[in-house]
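Values in this document were obtained by computation on a predicted structure and should not be read as measured data. Order of the sequence lines fixes the chain letters, A, B, ..., with proteins taken first and strands second; residue numbering starts at 1 for each chain.
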Amino acid sequence: MPSCALSSEFYSIPAPQAARALLGMRLVRCLDGQRLAGLIVETEAYRGEQDQACHAHAGRTQRTSVMYGPPGTAYIYFTYGMHWMLNVVCEEPGFPAAVLIRAVSVCEGAQTVALRRLGVKSAAWTDGPAKLCKAFDIDGRLNGSSLCQAGQALWIEPGQPVSDSLVSAGPRVGIDYAGEPWRSIPWRFRARLSP
DNA sequence: AGCACGATTAACT
DNA sequence: GTTAATCGTGCTC
């Protein structure tokens with residue numbers, strides 16, 4: 001069955017809406033001809049130069065320029081000296097906004113992920129933004145690439161719809177330096193999965 | 001200088 | 001089984 005990636009239009013909406021809509025979608029990584037995939041279970045929205053937690057808060061720089069580009073583009077950056085993070089650019093070109101993919105639930109290629117995450121229990125393979133990048137071999141080489149073309153290195157396709165009753169929203173994490181209201185605004189979305 | 005984190009440790013239930 | 005504290009690491013500004 002041919003896979004079909006979410007289109008650029010899907011991401012042309014306010015980042016918090018996109019963050020909610022991405023829950024349950026399937027993140028697909030094509031690695032050495034093999035499909036690795038996971039259902040998105042946690043996201044965070046970052047939106048505009050006004051948002052003190054958004055990288056674009058300091059304006060447009062070489063690093064943040066990707067966020068000003070077309071929706072559906074991967075914004076991948078490096079932080080804390082060792083971690084890569086995957087974001088999807090949202091909204092109209094010229095307006096910096098993105099959704100951080102914080103966690104996925106592996107549904108394809110588990111055998112390969114297990115090899116990439118040797119010594120890590122399956123529950124901890126992809127339950128953090130840097131962990132999923134490591135598990136799926138996502139790094140700066142993919143920064144700026146489009147996520148709207150199925151069959152390339154990385155894309156997002158429809159997965160399992162997640163009903164509102166399974167979604168909880170809360171404040172974003174790791175942004176203590178931001179002031180109000182940005183620090184408390186509930187732009188983090190989680191889907192409670194079925195154990 | 002400081003950071004959209006993770007692994008490890010150490011204290012609690 | 002949880003939450004809290006610590007710190008490594010190297011890229012961006």
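- Distance CH2 (A:Trp84) to C1' (C:dG10): 10 Å, rounded to an integer number of Å.
- The side chain of A:Tyr177 contributes an N or O atom lying less than 4.0 Å from OP1 or OP2 of B:dA4.
- Under the 30°/60° scheme for interplanar angles, the aromatic rings of A:Tyr75 and A:His55 are found to stand perpendicular.
- Across all strands shown, A:Arg172 has no heavy atoms under 4.0 Å from either base or sugar-phosphate atoms.
- Taking side-chain N and O atoms only, A:Thr79 has a distance below 4.0 Å to OP1 or OP2 of B:dA4.
- Across the protein-nucleic acid pair, A:Tyr80 atom OH and C:dC7 atom P stand 15 Å apart, rounded to whole Å.
- Among the atoms of the strands shown, base atoms are found under 4.0 Å from some heavy atom of A:Met82.
- Using a 4.0 Å heavy-atom criterion, one finds that A:Arg183 contacts no nucleic acid atom at all.
- For the pair A:Phe78 CZ and B:dC5 C1', the interatomic distance rounds to 11 Å; values are reported in whole Å.
- Figure legend: cation-pi geometry between A:Arg183 and A:Tyr177 absent, as NZ or CZ is not positioned both under 6.0 Å from the six-membered ring centre and within 45° of its axis.
- For the residue pair A:Trp155/A:Glu157, the side-chain donor-acceptor check at 3.5 Å is satisfied.
- Using a 4.0 Å heavy-atom distance criterion, A:Ala130 is classed as a sugar-phosphate-only contact.
- Residue-level contact check: A:Ile175 touches the backbone only, with heavy atoms under 4.0 Å from sugar-phosphate atoms and none from bases.
- Within a 6.0 Å radius of NZ in A:Lys131, more than 12 heavy atoms belonging to other residues, nucleotides or ligands are found.
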